[in-house]
Amino acid sequence: MLLGLWFLIGSIFFYFEHLKTWGVTLFVLGSIQLLIRPTIRLVHYFHMRKEYGKQYEKTHGS
C-alpha cells in the first residue's frame, strides 16, 4: 500500500517544477521498497542452502 502511495505522490509531484526533487526522492524510496523482499528471499535462500545443502535443494528446487 505504501509503495503505491510513494509512486502516486511522486507522479503527481512531477507536474510541479518546484516539487520534482521530492518526486524523484519518492520514486527512489519506492524502488528501494521493491528491492527489499527479493533481497530478503535471496539472503534466506543462500543461508538455507549453506545450512542444509542438498536437502534444501531437493525440497525447494531452484
Side-chain angles (χ1 to χ4, degrees):
M1 181 86 168
L2 197 55
L3 177 64
L5 190 61
W6 297 146
F7 280 104
L8 176 64
I9 294 171
S11 298
I12 293 169
F13 281 4
F14 263 82
Y15 284 114
F16 307 99
E17 193 63 39
H18 64 283
L19 292 175
K20 281 190 179 179
T21 300
W22 283 106
V24 170
T25 303
L26 291 173
F27 283 138
V28 170
L29 184 61
S31 298
I32 290 169
Q33 281 186 305
L34 281 172
L35 287 173
I36 290 173
R37 179 179 273 172
T39 301
I40 290 171
R41 284 186 179 188
L42 191 62
V43 168
H44 176 263
Y45 170 76
F46 283 117
H47 176 72
M48 288 299 169
R49 194 169 133 192
K50 180 181 172 188
E51 287 292 317
Y52 299 106
K54 293 198 184 283
Q55 180 185 358
Y56 184 80
E57 288 287 328
K58 273 196 247 180
T59 59
H60 292 86
S62 63

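Note that this is a predicted model, so its numbers are computed, not measured. Residue indices begin at 1 and follow the sequence shown.
Under the 4.5 Å side-chain heavy-atom criterion for Ile, Leu, Val, Met, Phe, Trp and Tyr, Ile36 and Leu42 are members of distinct hydrophobic clusters. Using a 4.5 Å cut-off between side-chain heavy atoms of Ile, Leu, Val, Met, Phe, Trp and Tyr, with links allowed through other members, Phe27 and Leu3 fall into the same hydrophobic cluster. Leu19 and Tyr15 fall within a single hydrophobic cluster, where Ile, Leu, Val, Met, Phe, Trp and Tyr side chains are chained together by heavy-atom contacts under 4.5 Å.
At least one side-chain heavy atom of Val24 sits under 4.5 Å from a side-chain heavy atom of Phe14. Under the 4.5 Å side-chain criterion, counting only non-hydrogen atoms from C-beta, Phe7 is in contact with Leu34. No side-chain heavy atom of Trp6 sits under 4.5 Å from any side-chain heavy atom of Ser11.
In this structure, OH on Tyr52 lies 7.0 Å from NE2 on His47, to the nearest 0.5 angstrom. From Met48, atom CE reaches atom CZ of Arg41 across 14.0 Å, with rounding to the nearest 0.5 Å. Remark: Ile9 CD1 to Leu29 CG distance equals 10.5 Å, nearest 0.5 Å.
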With side chain to side chain contact (heavy atoms under 4.5 Å, CB included) as the test, would you mind laying out the steps for Leu26 and Phe13 before giving the verdict? CA-CA 9 Å; Leu26 291 173; Phe13 281 4; 4.0 Å; yes
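Here the closest heavy-atom approach between residue Gln33 and residue Leu2 is recorded as NE2-CD2, 4.0 Å.
When the shell of 6.0 Å around CD of Glu17 is examined, it contains 12 or fewer heavy atoms from other residues, nucleotides or ligands.
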